[in-house]
2 protein chains.
Amino acid sequence: MNISEVSARSDLPAKTIRYYEDIALIAPGRDANGYRRFSEEDLHKLTFLSRARALGFTIEDCRALLALWEDQSRASADVKRIAGEHLEAIEAKIRDLEAMRNTLAHLVAECAGDGRPDCPILEGLAQEG
Amino acid sequence: MNISEVSARSDLPAKTIRYYEDIALIAPGRDANGYRRFSEEDLHKLTFLSRARALGFTIEDCRALLALWEDQSRASADVKRIAGEHLEAIEAKIRDLEAMRNTLAHLVAECAGDGRPDCPILEGLAQEG
DNA sequence: CTTGACCTTCCAGTGACTGGAACCCTTATA
DNA sequence: TATAAGGGTTCCAGTCACTGGAAGGTCAAG
């Protein structure tokens, strides 16, 4: 497969795939003309990366997960630990965003949104403490 | 005020405050020795920036909001539009993260987390479609 | 006079790409 | 056979919002 085909099948931009090769997450072969040639296994890895990234895992998390994925003797506890830590981080992020949303929704609701200069949003952002 | 005092009072690192001067969000004066001297108004702006950034507004949003804040003749509708767009973006982000959390929580719950190599988390990440 | 805390500038790096320039390879068509 | 379109390649620079560190100037206390 050439890069455009794995790009379409893995749902990753070609640029991103080249970047993943740069940082040694994948190591596709090369044709005589210098084009990258991707195996089914390369595609499988890229699909894995695509989904793990979509779940918000960092590249370094992905690197660790890929290594575990390829390691026949790994313990599922290792994977569960990484995923569990990530789950907690996601939940913390959700709580943060909900706090932001509540504050902002409150400010927006109070704002008349007309031509008058009085604006509770700016006042809310300006007040100290 | 010197930088460390505004830093403490605005809850922004000194580095960040210098950066905000670099990108022309603030323009503090200078003492004879070259130290930045911050006025109450500078502090007020920094507090404003600190809170707006904590609510997830981008720097460019902040620049627009600061300009509106300083503009006596602005309409609150302008502010409401910026804040409303941002509110929608936050809500979309929360929905994304909740989807991630649900998928991941499901995978983690299925994983035995023991020494065995079978791991539903990796299988879930590997499956296509 | 020295110590230590504070301030300055400037340069480089972060994460995870993304855009663009400049160029090579392949295939189809006039 | 020329050429044009649509692949592919590398490399460099930029994004965002800082952050770290080096190298050095300034100030107050003991």
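Every chain is numbered from 1 and lettered A, B, ... according to where its sequence line falls, protein lines coming before strand lines.
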* **Phosphate OP1/OP2 of C:dC17: any A:Tyr20 side-chain N/O under 4.0 Å** => yes

* Asked: What residues in residues 83-98 of chain B put a non-hydrogen atom under 4.0 Å from any atom of DNA chain C?
  -> none

* Please give, in whole Å, the distance from D:dT19 C1' to B:Asp22 CG? -> 13 Å

* Structure fact -> Here the distance between atom P of D:dA17 and atom CG of B:Leu46, to the nearest Å, is 16 Å

* Do NZ/NE/NH1/NH2 and the carboxylate oxygens of B:Glu21 and B:Arg30 come within less than 4.0 Å? -> yes

* To do: Mind calculating the distance between CD1 (A:Ile17) and C1' (C:dT18) to the nearest angstrom?
  => 14 Å

* To do: Scan for side-chain hydrogen bond (donor to acceptor under 3.5 Å, both in side chains) pairs involving residues 97-107 of chain A, sequence neighbours excluded, and state none if there are none.
  => A:His106-A:Glu110

* Do any side-chain nitrogens or oxygens of B:Thr16 fall under 4.0 Å of OP1 or OP2 in D:dT19? -> yes

* To do: Return yes if some donor-acceptor pair links the side-chain N/O of B:Asp96 with the main-chain N/O of B:Lys93 below 3.5 Å, else return no.
  => no

* Asked: Atom CG of B:Asp31 to atom C1' of D:dG25: distance rounded to whole Å?
  -> 14 Å

* Structure fact -> Rounded to whole Å, the CD1-C1' distance (A:Ile23 to C:dT18) equals 14 Å

* Is a side-chain N or O of A:Thr47 found less than 3.5 angstrom from the main chain of A:Leu43, in a donor-acceptor match? -> yes

* Ion pair present between B:Arg81 and B:Glu85, side-chain N to carboxylate O less than 4.0 angstrom? -> yes

* Output yes when a side-chain donor or acceptor of B:Ser10 lies under 3.5 Å from a complementary backbone atom of B:Leu46, and no otherwise. => no

* Quickly work out the B:Leu12 CG to D:dA17 C1' distance and round it to whole Å. => 12 Å

* Aromatic plane relationship, B:Trp69 with B:Phe48 - under 30° parallel, 30 to 60° tilted, over 60° perpendicular -> parallel

* Asked: A:Tyr19 OH to D:dA13 P: how many Å, rounded?
  -> 18 Å

* Is a donor on one side and an acceptor on the other found under 3.5 Å between the side chain of A:Arg63 and the backbone of A:Ile23? -> yes

* Grab the CD1-P distance between B:Ile26 and D:dA17 for me, whole Å please. => 16 Å

* **nucleotides 3-9 of chain C: protein proximity per nucleotide (B base, S sugar-phosphate only, - neither; heavy atom, under 4.0 Å)** => ---BSBB

* If only atom types and distance count, is the side chain of B:Ser7 paired as donor or acceptor with the main-chain N or O of B:Leu12 below 3.5 Å? -> yes

